[in-house]
Structures are given as C-alpha cells and as structure tokens.
Amino acid sequence: TLSKWRTRATALFIGTAILLLVIAITGIVLTCKCLRNKQALRTVSIVLLSLITMVLAVYVGLTIFFVYAVSRQPPIS
C-alpha cells in the first residue's frame, strides 16, 4: 500500500544518501593522499567535498529524526 511505498522510498533515498556520503568522505581522504603537490586543486577539492559531505550528513540526520518523530506520533482517530 501507500505507507509501504513511502517506507521503501525513504529507505532508498537514505541508502543513496549514505552511499554518496561514504563516497564523498573517501574522496576527501584520497584527495589528501594523491594531490600533495597541487595545493590549489587539493584545497578546492577538499572544500567542495566537505560541503557535499555536510549537506548529506544533515539530510540523513534530519530524515532519521523526522521518521522517528512520525513513528512515535499517536494515530489519528
């Protein structure tokens, strides 16, 4: 039904966001290791990947928070 679909869709979006978060963190680590000689490119890459990581972390955190809040809400009579 509709609630099962919403649960699957939320899980899919959360899963994708977590995967992208892991990829962005891996990108930060690899940027630090591989771009030691190119200071400007390293700085720009780390700043962009950090912003992406921050946005994804906030998205995942808020989604978990709101799903928990909705699941604890009393049913509408």
Exercise. Honestly curious: do Phe65 and Val58 fall in one hydrophobic cluster under the side-chain, below-4.5 Å linking rule?
Worked result: yes

Exercise. To the nearest 0.5 Å, what is the distance between CG (Leu30) and CD1 (Ile25)?
Worked result: 12.0 Å

For this session: Calculate, to the nearest 0.5 Å, the distance between atoms CD1 and CD1 belonging to Ile64 and Ile14 respectively.
Result: 5.5 Å

For this session: Drop me the distance from Thr53's OG1 to Ile23's CD1, to the nearest 0.5 angstrom.
Result: 11.0 Å

For this session: May I ask whether Tyr59 and Leu21 are part of the same hydrophobic cluster, defined by side-chain heavy atoms of I, L, V, M, F, W, Y residues being less than 4.5 angstrom apart, directly or through others?
Result: no

Seminar exercise, completed: Output for pair (Leu35 CG, Thr43 OG1), nearest 0.5 Å, gives 10.0 Å

Exercise. Is there a donor-acceptor pair under 3.5 Å between the side chain of Ser45 and the backbone N or O of Arg42?
Worked result: no

Exercise. How many angstroms lie between OG1 in Thr16 and CG in Leu56, if you round to the nearest 0.5 Å?
Worked result: 10.5 Å

Exercise. Which atom names give the shortest non-hydrogen contact between Val60 and Ala17, and what distance separates them?
Worked result: CG2-CB, 3.8 Å

Problem set entry | For the student: nearest non-hydrogen atoms of Ile52 and Ala24, plus distance | CG2-CB, 4.2 Å

Problem set entry | Spacing of SG belonging to Cys34 relative to CG belonging to Leu41, to within rounding of 0.5 Å | 11.0 Å

Exercise. For the hydrophobic clusters of this structure (ILVMFWY residues joined by side-chain heavy atoms under 4.5 Å, transitively), does one cluster hold both Ile28 and Val47?
Worked result: no

